[in-house]
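Here's the structure we're looking at; comments come further down.
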Amino acid sequence: MSTKQAKMILEKDFRIGEIDKRIYGSFIEHLGRAVYGGIYEPGHPAADENGFRRDVIDLINEIGVPIIRYPGGNFVSGYNWEDGIGPVGQRPKRLDLAWRTVEPNVIGTNEFMAWAKSVQAEVNMAVNLGTRGIDDARNLVEYCNHPSGSYWSDLRISHGVREPHAIKTWCLGNEMDGPWQIGHKTADEYGRLAQEAAKVMKWVDPAIELVACGSSGRGMATYADWEATVLDHTYHHVELLSLHTYYGNRTDDIRSYLAKSLDMDAFIGEVIAICDYVKAKKRSKKTMYLSFDEWNVWYHSHEADKKLEPWTVAPPQLEDVYTFEDALLVGSMLITLLRHADRVKIACMAQLVNVIAPIMTENGGAAWRQTIFYPYMHASVYGRGIALNPIIYSPKYDSKEYTDVPYLEATAVYSEEEETLTIFAVNKDTEEGLLLEADIRGFAGYRVVEHLVLENPDVKAANTAAAPDRVVPHNRGNAGVKDGYVQALLPKLSWNVIRLSQ
Ligand code: AHR
C-alpha cells in the first residue's frame, strides 16, 4: 500500500485576510482555581509583591495572549462588580450561584486589570445582563474608562487608579439563551436589553466596541432564530456576535472526534450567513464580525465535578487533563479559526489557567503546560500576518459521525513584514503518515527554517505535575523545499508547523 498524498497550492495573492491577533485570545473566569490558585496565590514561592504567580505569567507570555475575557462566563450573570472594588478587607464574600462556590472578591476589576498588563493582554470585559442591567453596565464603563470628574471615575481614582483602564471590548452578558444562566432570557428580552445597555455604554464611552451574545452552542433549540432576533435588535449597536463551542470524545471514537472541527467550520459559516441576512434585511453597509469567545475541549472533568462539595472557595472545578488527541483537535480548531480570519476577529480559548486550560498549577507547587498548550502557542507565535486561502487536495475518510473528512486539516499564514510563510497542518490518519506537497513557487527563495511536530504513540498521553513533558513538540520534521515545492511527511496523528522564510 503506498502512502497517502495531499497537495496544497499557496500564492501570496490568494488571501482570506489580515489576521486579527485577538483570535489568539483566552478567558479567565471567577471559577474553580482559575483566579485563586491559578493566576493569584499570595505566599506561593513564585508570587510577586501583589500575589500573582510569576511562573504562570511566564507561561502565558510564552503563548502571547493578546486579549483575555473576564470575569465570566456564567459567573458574570450573578456578579456585582462593585463587590470587587475598594479596600479588600471590606469586600463581601458572596455565594456564586452559577458554580455553587463562595467568591471572596479579593481579586476584582483593578487587580485583574493590573495583572492583565503584566501579561500584555487587553481585557474583554463582560457586564452582567443576568441579574443586573443598563445602570450597572454604564456605571462599570464609567468606573473603568472615564478620565475623572464624575462619581464612578473619581471613585476609581480614590482606589489608587488615576489613569482610566481604557477597556475597548465589552461583552453584553454571557450565554443568555441558556436555561442554566442566571437571568436567562428569550431572544427578544435579551435583544432589547442588550440594545439599551449598548446604547448607554457607548454614550459613556463612544470608543468601545461591543459583543452581543449569540447562542451558547450550535445544538441549542433556539439556535439561528436566537442570532437573527438578537441581531434584529442590536445590529446598529454592536460590532461582534459571540459563538461558543466545546467538544469531547465521549464515545472514544478518535476518527469522529478529530472530525469535529468540521462542525465548528459549519457553525461559523451559518452564523456568518445569519449576520449577512440581518445586514441585508436592514439594508446596512456594516459587516458584523464574530467573536468566538469560548472554544475548547471540555468533557474530562464532568464526572469529577459532580462530586465536589458546594460552597467552598476555589475548588478544583473543570480541571480537564488534556490528552494528545485533544491537542490534535485543538490544532484543527485553530486552523478552522484561521480559515475564517476575515470574519472572526476575536476568539478566546476557554479558559487559560486550571479551568479547562492549557496551563495547570498545583497550589503551592508547580505550573506546567498541558498538551493543548502547544498548538495554541504555535498558532499564536507563528500565526500572525495574512491568512492565506490555499487550495487543498486531501484524501478523505468516513467516520461513524461524519462523512468526507479530509485527512489533512491545513492552512497557511504569510507575513509580508517578516517575509515568513507558515504552514499549519494536522494529519488525522490513525494508521499512516501523509505525504504533503505544497506548491510555493510564488514564494521564490523560501526555505524551511523548522518543521515542528507534535506526535505521540499514545493518543491518551497527558502532561501532569509528575510527568509534565510526556507530550512535547520536536523539530525533527522532515519538510524541505525542492524546485518550488515543500515536501513533508506528516506523521500519522500529528500536529505540524512548517516554518519557511526567505
Ligand atoms: O467556560 C466554562 C463555562 O462554559 C462558561 O462559564 C460558560 O459561559 C460556558 O457554558
Side-chain angles (χ1 to χ4, degrees), residues 25-36 38-39 65 67-79 81 95-101 103 112 123-131 169-185 190 194 211-223 226 230 240-248 264 267 290-306 308 314-322 326 330 333 346-360 370 372 376:
S26 191
F27 176 27
I28 289 193
E29 177 166 4
H30 281 251
L31 158 58
R33 296 190 309 121
V35 174
Y36 308 107
I39 64 169
V65 181
I67 189 163
I68 302 178
R69 187 164 173 254
Y70 175 85
N74 297 339
F75 170 80
V76 80
S77 297
Y79 181 50
W81 67 268
L95 295 188
D96 166 25
L97 302 183
W99 299 106
R100 293 170 62 77
T101 58
E103 170 54 50
F112 189 78
V123 170
N124 176 4
M125 183 69 85
V127 299
N128 174 356
L129 293 189
T131 56
T169 309
W170 296 76
C171 292
L172 295 163
N174 176 69
E175 294 192 348
M176 300 308 305
D177 62 324
W180 59 86
Q181 201 68 212
I182 303 170
H184 165 222
K185 292 171 175 54
Y190 169 69
V211 185
C213 288
S215 295
S216 49
R218 192 180 179 214
M220 296 297 290
T222 49
Y223 170 58
W226 173 275
V230 167
L240 301 112
L241 181 70
S242 76
L243 297 84
H244 290 181
T245 204
Y246 295 99
Y247 297 120
M264 186 188 204
F267 185 18
L290 308 190
S291 172
F292 214 126
D293 49 38
E294 285 189 33
W295 69 269
N296 204 349
V297 168
W298 175 16
Y299 76 108
H300 296 285
S301 57
H302 286 340
E303 289 310 308
D305 283 351
K306 289 181 193 155
L308 292 171
Q317 290 169 309
L318 280 65
E319 298 206 356
D320 275 42
V321 175
Y322 289 114
D326 298 330
V330 161
M333 292 171 87
I346 298 177
C348 303
M349 176 188 265
Q351 300 192 6
L352 189 52
V353 185
N354 288 333
V355 172
I356 43 174
I359 297 167
M360 290 298 288
Q370 294 233 55
I372 62 168
Y376 180 28

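Heavy-atom basis, side chains included; hydrogens, waters and symmetry copies ignored. Counting starts at 1 for both ligands and their atoms, following the listed order.
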Region of W295 that comes within reach of ligand 1 [heavy atoms, distance under 4.0 Å]:
neither
Ranked by distance from atom 7 (C) of ligand 1, the top protein heavy atom is N74 OD1, 3.2 Å
Ligand 1 N/O within reach of Y246 N/O, cut-off under 3.5 Å:
yes
Contacting atoms of ligand 1, where contact means under 4.0 angstrom from a heavy atom of F27
1 (O)
Please check whether W298 reaches ligand 1 - meaning an N/O of the residue sits under 3.5 Å from an N/O of the ligand, judged on distance alone.
no
What protein heavy atom is closest to atom 10 (O) of ligand 1, reported as residue, atom name and distance in Å?
E175 OE1, 2.7 Å
Check the pair Y190, W226 against ring pair (Phe, Tyr, Trp, His ring centres under 6.0 Å), reporting the backbone distance first and the verdict last.
CA-CA 10 Å; Y190 169 69; W226 173 275; 5.7 Å; yes
Point-to-point distance, once rounded to the nearest 0.5 Å, from CG of N174 to OG of S216
8.5 Å
Examine E29 against ligand 1 and note whether any of their N/O atoms are separated by less than 3.5 Å.
yes
Min heavy-atom dist I356 to ligand 1 below 4.0 Å:
yes
Less than 3.5 Å apart, any donor N or O on the side chain of D293 or N124 sitting next to an acceptor on the other?
no
Among E294, Q351, Q317, H30, which one has a heavy atom closest to atom 8 (O) of ligand 1?
E294
Is E29 salt-bridged to R69, cutoff N-O under 4.0 Å?
no
Per-atom filter on ligand 1: closer than 4.0 angstrom to a heavy atom of G73 are 5 (C), 6 (O), 8 (O)
Quick one: does F75 get a heavy atom under 4.0 Å from ligand 1?
no
Could you go step by step and tell me if Y376 and Q370 meet the side chain to side chain donor-acceptor pair (under 3.5 Å) rule?
CA-CA 11 Å; Y376 180 28; Q370 294 233 55; over 6 Å; no
Where the side chain of Y247 meets the backbone of M264, is there a donor-acceptor pair that is under 3.5 Å apart?
yes
Give a yes or no answer on whether the side chain of N128 reaches the backbone of G130 with a donor-acceptor pair at less than 3.5 Å.
yes
What pair of heavy atoms forms the shortest contact from H30 to W99, and how long is it?
O-CD1, 4.3 Å
